[in-house]
**Q** 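What follows is a structure written as structure tokens; I'll ask about it next.
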Amino acid sequence: MAELRGSFSSRIGFIAAAAGSAVGLGNIWKFPYETGTHGGAAFLLVYIFCAFVICMPIMVAEITMGRHAQLNPHGTFKKLGGGKWGIVGIIGIIAGVMILSFYNVVAGWAFGYFLQIGFGDLLNQPDAADRLAHFLAQHPDKTAANFSFYGDYFGTYIANVTDNLIFSLAFMIGTAAIVAGGVQKGIERWTKILMPALVVVIVGLIIYALTLPNAMEGIRFYLVPDFTKIDSVTVYKALSQAFFSLSLGMGALITYGSYFGKKDNIVSSAAIVTGADLTIAFLAGLLIFPLVFFQGMAPSEGPGLVFVALPAIFADMGPFMGRLIGGGFFLLLCFAALTSTISLLEVPVSYVTDEFKMKRKTGVILFATLIFVVGLPSMLSQGAVPWLTEFVTYGGQTRDFMTVVIDLFSDIALPLGGLLISLFVAYRWRIFRLSDEIEQGHPRFKGSFGEKFITIMLSVVSPLVVAVVLLETILQKFFGATLF
Ligand code: PHE
């Protein structure tokens, strides 16, 4: 079996692939808007705690389970735990399918912005006058000062059916083509070059952003915590964001773990992946908030935050530099998203190739098509189709279809998966087996501080914290109630 599955060529290869999975739209698109909406620096602190303390041990657990079983998430749970545990793997696979369905839509937006900034005339603010006139006619109480070209543009862009269909289809085809070739070959090489490039561009832009008026207000919002802003929504949003950003709780890392070499150190690899993911999210915030305050935007703008804050800056850089840097930024964002979509598609594909001996190519075509179709209502729920845009009301808020998918499969299914993984490892598979597996590639693991920490976290702290937060999430979201 192991020979047939293929594996990463080296520890660096695994780290590159796992970090590629972790770093994506979650860091650059989702993290800034969640931070902006849920308390700025206070959110950041809770987030860092969740990532390193609560989630990292779960990451170690996922990778170790996958490496031990050499199987997809369903097969791994079934093999290590017996019959019914396989269901946990299935929940993870379904969550992965649903997450990819909306993620691919957002990746399509990023791809569209890349083309329009790099090669189109988005930076020249096409039809600005018409947009302004339309805005004033729609909002008689507002003046031109309230109008934001890129805010208005983003709103109409995501409601546009043709562009979104074409670009998200293109993105899904790209993902499918790479997964069809086998994940190990492509990603290692790319991630090693493109991720550092992304960091360089972001750091360069941060330096530029810090010179702008009001930048310091943004830095204060992002780095000086106001603890009165921490409420249970901050906590549950930070926790689910940590799971999402670290690709945790649905088996992506079980799957990648199954390709991980027996001689390699799982604990240090997990620490590096977590550190890289956190660093890139942190840098994204450091870039966005100065720009947001410079432009007088509200940090709680929501999912449009980066799509609105960044293009205006690229437009200021002049036609050549704007295209180059703006186009380059969105292109790198697309690559970051691609290494994540690859890991998401790999999960159901490894399931059908392992369990049903389906050919890899057939599995890829099947799931890429299915997921694209399942993503259509999310795509159309951003203004294109009114009933999908105002899909349901719960917890006192009307939500679009995409938000419902995020609520169910990211905010709930991922922490739930993390909870079940910790309980599974601690009380069914048992920590000593985990330690045995980690010990391969990490000879002094047993008896180390790391082992004690992971044991305590997986058997007590993580399940307890995640269970309470999860209960609170459900109460808040669906019933507008709270435990506290
Ligand atoms: N971690 C990815 C990101 O931040 C998203 C993802 C979630 C990937 C779950 C795989 C599994 O963009």
Side-chain angles (χ1 to χ4, degrees), residues 15-35 47 50-51 55-56 58-59 62-63 66 72-73 89 91-111 171 175 178-179 183 187 191 194-195 198 202 237-257 270 273-285 303 306 332-351 367 371 375 405-406 408-418 421:
I15 291 174
S21 168
V23 174
L25 296 168
N27 306 58
I28 291 165
W29 163 70
K30 199 162 181 290
F31 173 78
Y33 85 72
E34 298 287 8
T35 307
Y47 177 73
C50 290
C55 290
M56 201 168 65
I58 300 178
M59 182 186 285
E62 273 202 35
I63 299 171
N72 68 88
I91 298 175
I93 294 166
I94 295 173
V97 163
M98 296 307 293
I99 288 174
L100 182 52
S101 79
F102 80 82
Y103 197 97
N104 186 63
V105 172
V106 181
W109 300 345
F111 191 45
F171 212 88
T175 305
I178 296 174
V179 175
V183 285
I187 351 177
T191 314
L194 296 171
M195 193 132 22
L198 181 65
I202 294 178
K237 279 289 177 184
L239 184 72
S240 64
Q241 173 63 23
F243 273 101
F244 183 83
S245 190
L246 293 169
S247 305
L248 223 52
M250 40 69 68
L253 294 174
I254 295 182
T255 310
Y256 275 13
V273 172
T274 307
D277 188 63
L278 209 76
T279 305
I280 295 191
F282 179 75
L283 291 176
V306 288
L332 288 168
L333 179 58
C334 288
F335 277 112
L338 188 63
T339 50
S340 301
T341 54
I342 289 168
S343 73
L344 282 160
L345 184 58
E346 178 65 15
V347 172
V349 169
S350 72
Y351 169 63
F367 279 105
I371 293 169
V405 175
I406 297 181
L408 291 178
F409 295 98
S410 171
D411 286 7
I412 296 186
L414 297 184
L416 177 66
I421 287 165

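For ligands, and for the atoms within them, numbers begin at 1 and follow the listed sequence. Keep in mind that what you see is a predicted model, and the values were worked out from it rather than measured.
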**Q** Within the distance-only criterion (no hydrogens, no angle test), does the side chain of Tyr103 pair as donor or acceptor with the backbone N or O of Leu25 below 3.5 angstrom?
**A**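 Indeed, once roles are kept as given, a pair shorter than 3.5 Å links the two residues.
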**Q** Under a 3.5 Å cutoff, is there a donor and acceptor pairing between the side chains of Asp411 and Ser240?
**A**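 Looking only at side-chain atoms, Ser240 and Asp411 do form a donor-acceptor pair, the distance falling under 3.5 Å.
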**Q** Heavy-atom contacts with ligand 1 below 4.0 Å: which residues, ordered by chain and residue number?
**A**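 If the criterion is a heavy atom under 4.0 Å, then ligand 1 touches Ser21, Ala22, Gly24, Leu25, Gly26, Asn27, Tyr103, Phe244, Ser245, Ser247, Met250, Ser340, Ser343, Leu344.
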**Q** Please name the pair of heavy atoms, one in Lys30 and one in Ile406, separated by the smallest distance, quoted to 0.1 Å.
**A**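 Answer, listing the atom of Lys30 first, then Ile406: CE-CG2, 4.2 Å.
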**Q** State, to 0.1 Å, how close Ala336 and Leu198 come at their nearest heavy-atom pair, and which atoms those are.
**A**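 Minimum heavy-atom contact is CB-CD2, 4.2 Å.
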**Q** Check Thr274 against Ala51 and note the closest heavy-atom contact, atom names and distance.
**A**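 Shortest heavy-atom separation between Thr274 and Ala51 comes out as CG2-O, 4.1 Å.
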**Q** Can you tell me how far CG of Leu100 sits from CZ of Phe171, rounded to the nearest 0.5 angstrom?
**A**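 Reported value, rounded in 0.5 Å steps: 9.5 Å.
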